[in-house]
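Comments concern the structure below.
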Amino acid sequence: MKIYDISQEVFGCKVFPGDPSPVRNVTLSIEKGDICNLTDIKMCAHNGTHVDAPYHFINDGKTIDQVDMKRFIGYAYVAEHTGDITAEDAERIMIQAKECDPKAAERILIKGDATMTAEGARVFAKEGIQLFGNESQTVGPEAAPKEVHLIMLGAEVVLLEGIRLSEVPVGKYLLNAAPLNLGGADGSPCRAILIEL
């Protein structure tokens, strides 16, 4: 069984412009005579590899602890694309995913430097996918991410952002991108992995 860790290391991760960077503080240290080593961390819920809940852009949307766990765990399809994801691109990716396995088509991960357009987002939202993931720190254009987030989160499509797929071939996998159970939060870091089937 091959496992791909598709997560960024947290303290060296890429951070969305304007978000605070993660900070690690050593609270206790055996080397300094303490009983154990203890780390204290401070970070944004959207640092590194993370998931967005609807509440991130929709004030009455579900918070991360309210989102059904089945959206984060299950079969997924890795596609490859560079540039804007148009409606035509989204339709092509959905066809490829369904041909590979209809269950894998419920969770779409995009390998490459891709940016979702509103038109592409509407295709995935209409298809009723459970999760969409990409390598960028945001699904939509970095300078104007709101419209794409509203379309996808409004359809309760979980967004998995900041994944790393360079070593992962196109195809079907088992995904686990379970978030931390952060009550009331708009998103959460996760340790996303893909298991080769």
Side-chain angles (χ1 to χ4, degrees), residues 2-22 43-52 56-57 72 75-100 104-127 129-153 155 157-173 175-177 179 187-194 196:
K2 185 169 178 67
I3 298 174
Y4 293 94
D5 183 352
I6 60 169
S7 306
Q8 298 179 59
E9 187 281 316
V10 172
F11 299 109
C13 73
K14 189 169 181 189
V15 175
F16 186 80
D19 285 357
S21 293
M43 65 184 292
C44 171
H46 300 267
N47 284 155
T49 304
H50 66 279
V51 287
D52 289 357
H56 187 35
F57 276 84
F72 306 103
Y75 294 118
Y77 181 75
V78 174
E80 190 162 6
H81 186 81
T82 299
D84 288 347
I85 301 172
T86 64
E88 294 75 22
D89 296 323
E91 288 163 0
R92 174 182 47 79
I93 290 165
M94 285 306 304
I95 289 167
Q96 291 170 346
K98 287 176 183 177
E99 285 175 353
C100 178
E106 293 179 1
R107 294 171 195 84
I108 303 294
L109 307 179
I110 303 295
K111 174 181 177 175
D113 185 12
T115 302
M116 183 67 73
T117 64
E119 295 72 28
R122 286 188 189 97
V123 171
F124 289 119
K126 186 177 177 186
E127 287 283 344
I129 67 171
Q130 303 218 30
L131 177 145
F132 178 86
N134 68 324
E135 297 201 67
S136 172
Q137 289 306 115
T138 186
V139 167
E142 195 173 279
K146 186 174 181 178
E147 183 180 15
V148 166
H149 278 78
L150 286 175
I151 293 165
M152 298 186 86
L153 294 174
V157 177
V158 167
L159 301 178
L160 172 59
E161 299 171 328
I163 54 178
R164 295 295 177 256
L165 297 170
S166 62
E167 305 300 315
V168 182
V170 167
K172 172 186 171 182
Y173 298 87
L175 169 71
N176 183 338
S188 171
C190 66
R191 182 74 179 264
I193 62 166
L194 289 173
E196 194 172 68

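Each residue takes its place number in the sequence, starting with 1. Just so you know, these numbers come straight off a predicted model, no measurement behind them.
Here CE of Met116 is found 10.5 Å from OG1 of Thr138. Values are rounded to the nearest 0.5 Å. Atoms CZ and CD, from Phe132 and Glu161 in turn, are 9.5 Å apart once rounded to the nearest 0.5 Å. To the nearest 0.5 Å, atoms CD (Gln96) and CD1 (Ile108) are separated by 9.5 Å. Atom OG1 of Thr49 and atom CD1 of Ile6 lie 7.5 Å apart (nearest 0.5 Å). Taking CZ of Phe72 as the reference point, atom CZ of Arg107 lies at 10.5 Å (rounded to 0.5 Å). With values rounded to the nearest 0.5 angstrom, Asp113 atom CG is found 10.0 Å from Asp84 atom CG.
In this structure a side-chain-to-backbone donor-acceptor pair under 3.5 Å is present from Thr117 to Ile85. Side-chain N or O atoms of Glu135 include one that pairs as donor or acceptor with a backbone N or O of Gly112 at under 3.5 Å. Side chain of Asn47 to backbone of Pro20: a donor-acceptor contact under 3.5 angstrom is found. Without hydrogens or angle criteria, Asp89 side chain to Ile93 main chain gives no donor-acceptor distance under 3.5 Å.
Between Val51 and Pro179, the shortest heavy-atom contact is CG2-CB, 3.6 Å. The heavy-atom pair separating Met152 from Ala121 by the smallest distance is CG-CB, 3.7 Å. Nearest heavy-atom pair, Leu159 versus His149, reported as atom, atom and distance to 0.1 Å: CD1-CD2, 3.5 Å. For the residue pair Asn134 and Ala114, the shortest heavy atom distance occurs at ND2-O, 4.1 Å. Contact detail for Val170 and Ala79: the closest heavy-atom pair is CG2-C, 4.3 Å. Ile110 and His81 make their closest contact through CG2-CB, 4.0 Å (heavy atoms, listed as atom of the first residue, atom of the second, distance).
Side-chain contact between Tyr173 and Val168 is present, with heavy atoms from C-beta onward closer than 4.5 Å. A heavy-atom distance below 4.5 Å is found between the side chains of Leu160 and Cys190. Side-chain contact between Cys100 and Tyr75 is absent, with no heavy atoms from C-beta onward closer than 4.5 Å.
The environment of CZ in Phe16 is crowded: more than 12 heavy-atom neighbours from other residues, nucleotides or ligands sit within 6.0 Å. Counted within 6.0 Å of CZ on Arg191, heavy atoms from surrounding residues, nucleotides or ligands total 12 or fewer; the atom is thus considered open. The environment of CG in Asp19 is crowded: more than 12 heavy-atom neighbours from other residues, nucleotides or ligands sit within 6.0 Å.
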Carefully, step by step, assess Arg122 and Glu147 under the rule salt bridge (Lys or Arg N to Asp or Glu O under 4.0 Å).
CA-CA 10 Å; Arg122 286 188 189 97; Glu147 183 180 15; 3.4 Å; yes

Start with the C-alpha gap between Met94 and Lys126, add the side-chain angles, then the distance that decides, and say whether side chain to side chain contact (heavy atoms under 4.5 Å, CB included) holds.
CA-CA 11 Å; Met94 285 306 304; Lys126 186 177 177 186; over 6 Å; no

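Side chains of Gln8 and Gln137: a donor on one and an acceptor on the other come within 3.5 Å.
Not counting sequence neighbours, the partners of Lys98 by the salt bridge (charged side-chain N to carboxylate O under 4.0 Å, His left out) test are Glu127. The salt bridge (charged side-chain N to carboxylate O under 4.0 Å, His left out) test applied to Glu196 returns no partner, not counting sequence neighbours.
The aromatic rings of His56 and His46 sit parallel to each other, their planes meeting at less than 30°, with 60° as the upper class boundary.
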